[in-house]
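Predicted model, so just to flag it, every value in this text is computed and none were measured. What's counted below: heavy atoms across the whole structure, side chains too, no hydrogens, waters or symmetry copies.
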Amino acid sequence: MYEEFYGLKEKPFSIQPDPDFLFFGRRHSMAYSMLEYGIESKAGFSVICGDIGCGKTTLVRHLLNNIASDIKVGIVYNTHQKVDDLLGWIMLAFEQPYAGMSEIELFDAFQKFLISSYAAEKRVVLIVDEAQNLSPGALESLRMLSNINADKDQLLQVILLGQPELRELLRRPDLQQFMQRVAVDFFIPPLQSSEVAKYIQHRLSVAGGEGTLFTERAVELISEASKGVPRTINILCDMAMVYGFSSGSAKIGAELVIELLKDRGEYGALA
């Protein structure tokens, strides 16, 4: 809608995870380093937490684009507290047959998959998204799967991604054995106010923009309203550019952002 008006080749502030737009702030850089370390060190469990919209999924997408060819990755997205067939979802994630199998048959099939992958010199990494939705029983099942070893080598590595509730879940006394298996953990906080301007400029540059589109005060207002959460920053910047295009504004200034925030407060469907 506004791309041509602002000289952009694509929308800079989509809320869809896109590794091409990944901004490596200090905390995101550290989180990515921890993910890389977890895989390279063959950690049994790695845990990455952060608030909704902090960029966890985008970070993992970037990881997948740069992962070694000798690693098989499966991703489980369908997590919820009542999931009682987690192993079935895991088999599906690795494109393994699972239909009509009993739990024992699934375990046996997955164990054979791990062993055959190991024999082919392929490492297996399972990523579980929204892991805060898993029940303690499901997490215990993951711990049991991590017990499948060959000599000194662990055949399965697990990366858990989740919201802050995941930290509270893992601190339960009955999950103490699970916590002892976590070798890598990191919490991604919101962007600091000093990073928001760099974040906005980074996304505009990736989208083909030149120069500075948002004024300093406009960025400050967006930083305050978003509390540094990248997804919220994207939503506010995207709408600000719609407002700017509609009014023919070459720059996104404070007055325009104030109008946007006021309208969202008064007329927003979710206000």
Side-chain angles (χ1 to χ4, degrees), residues 12-41 43 45-66 75 77 79 127-134 139 157-172 175 178-179 181-206 214 216-240 257 261 264 270:
F13 297 107
S14 170
I15 62 173
Q16 298 301 318
D18 186 341
D20 290 340
F21 283 88
L22 179 61
F23 172 73
F24 277 109
R26 180 171 177 269
R27 295 295 182 178
H28 285 78
S29 295
M30 291 177 67
Y32 188 75
S33 295
M34 295 297 282
L35 279 172
E36 284 190 314
Y37 173 74
I39 290 178
E40 291 175 4
S41 65
F45 286 91
S46 301
V47 177
I48 302 294
C49 294
D51 290 321
I52 297 173
C54 74
K56 299 183 295 295
T57 303
T58 306
L59 207 63
V60 169
R61 292 282 179 86
H62 183 72
L63 177 73
L64 295 179
N65 286 347
N66 294 277
I75 306 178
Y77 294 105
T79 56
I127 299 174
V128 182
D129 201 6
E130 301 296 346
Q132 77 280 351
N133 294 328
L134 293 176
L139 288 170
Q157 292 179 251
V158 181
I159 297 174
L160 301 181
L161 305 175
Q163 296 171 26
E165 293 83 358
L166 177 59
R167 292 193 298 182
E168 301 307 315
L169 174 62
L170 295 178
R171 289 168 179 163
R172 288 172 52 121
L175 289 175
F178 186 98
M179 277 292 288
R181 299 289 185 88
V182 176
V184 173
D185 65 284
F186 195 83
F187 183 85
I188 305 175
L191 295 175
Q192 297 179 355
S193 56
S194 60
E195 294 180 303
V196 174
K198 295 177 182 178
Y199 173 84
I200 292 173
Q201 190 60 41
H202 168 76
R203 294 192 69 103
L204 286 168
S205 297
V206 173
F214 288 74
E216 184 176 344
R217 181 53 183 157
V219 170
E220 290 175 354
L221 291 169
I222 290 171
S223 178
E224 293 169 6
S226 66
K227 296 180 173 59
V229 176
R231 185 181 298 168
T232 307
I233 295 172
N234 287 358
I235 292 170
L236 293 177
C237 286
D238 184 57
M239 291 306 301
V257 175
L261 296 175
R264 281 174 60 88
L270 303 179

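A pairwise comparison of heavy atoms in L169 and L134 identifies CD2-O, 3.4 Å as the closest pair. Taking every heavy atom of both residues into account, V229 and C54 meet most closely at CG1-N, 4.5 Å. What you find for A31 and L59 is that their closest heavy atoms are CB-CD2, 3.6 Å. Contact detail for P230 and G53: the closest heavy-atom pair is CD-O, 3.3 Å. For the residue pair P164 and D51, the shortest heavy atom distance occurs at CG-OD1, 3.0 Å. Nearest approach of I222 to C237, heavy atoms of both residues: CD1-SG, 3.8 Å.
A heavy-atom distance below 4.5 Å is found between the side chains of L236 and R264. L160 places a side-chain heavy atom less than 4.5 Å from the side chain of L166. In this structure the side chain of L64 reaches within 4.5 angstrom of the side chain of I127, judged on heavy atoms. You'll find the side chain of Y199 reaches within 4.5 Å of the side chain of N234, heavy atoms only. Contact check for E36 versus L63: side-chain heavy atoms found under the 4.5 Å cut-off. Put simply, the side chain of V128 does not reach to within 4.5 Å of the side chain of L161, judged on heavy atoms. At a threshold of 4.5 Å between non-hydrogen side-chain atoms, the residues P190 and K227 do not count as touching.
Between atom CD1 of residue I48 and atom OH of residue Y32 there is a gap of 12.0 Å, rounded to the nearest 0.5 Å. Atoms CG and CE, on L261 and M239 in that order, are 11.0 Å from each other to the nearest 0.5 Å. The distance from atom CE of M34 to atom CD1 of I39, rounded to the nearest 0.5 Å, is 12.5 Å. The structure places OG of S46 at 14.0 Å from CZ of R181, a figure rounded to the nearest 0.5 Å. Separation of atoms CE (M30) and OG (S33) is listed at 8.0 Å; rounding is to 0.5 Å.
Panel note: side chain H202, backbone A197; no donor-acceptor pair is recorded below 3.5 Å. A donor-acceptor pair is defined here as one N or O able to donate and one able to accept, closer than 3.5 Å; no such pair exists between the side chain of S223 and the backbone of V219. Within the 3.5 Å criterion, the main-chain N or O of A43 finds a donor-acceptor partner in the side chain of Q157. Without hydrogens or angle criteria, R27 side chain to P189 main chain gives no donor-acceptor distance under 3.5 Å. In this structure, the side chain of K56 does not engage the main chain of E130 through any donor-acceptor pair within 3.5 Å. In terms of modelled atom types and a separation under 3.5 Å, the side chain of Q163 and the main chain of I52 share no donor-acceptor contact. Checked by atom type and distance alone, the side chain of H28 never pairs as donor or acceptor with a backbone atom of L191 at under 3.5 Å.
With salt bridges taken as basic N to acidic carboxylate O contacts below 4.0 Å, none links K198 and E195.
A cation-pi arrangement is present between R167 and F187, with the terminal nitrogen or guanidinium carbon under 6.0 Å from the aromatic centre and inside a 45° cone about the axis.
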Subject >> Stepwise side-chain contact (heavy atoms from CB on, under 4.5 Å) test for V184 and V47 >> reply: CA-CA 6 Å; V184 173; V47 177; over 6 Å; no
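Atom CD of E224 sits in a crowded spot, with more than 12 heavy atoms from other residues, nucleotides or ligands closer than 6.0 Å.
Ring geometry, F13 versus F214: the interplanar angle exceeds 60°, so the pair is classed perpendicular (tilted spans 30 to 60°). Using a 30° and 60° split on the angle between ring planes, F24 and H62 fall in the perpendicular class, above 60°.
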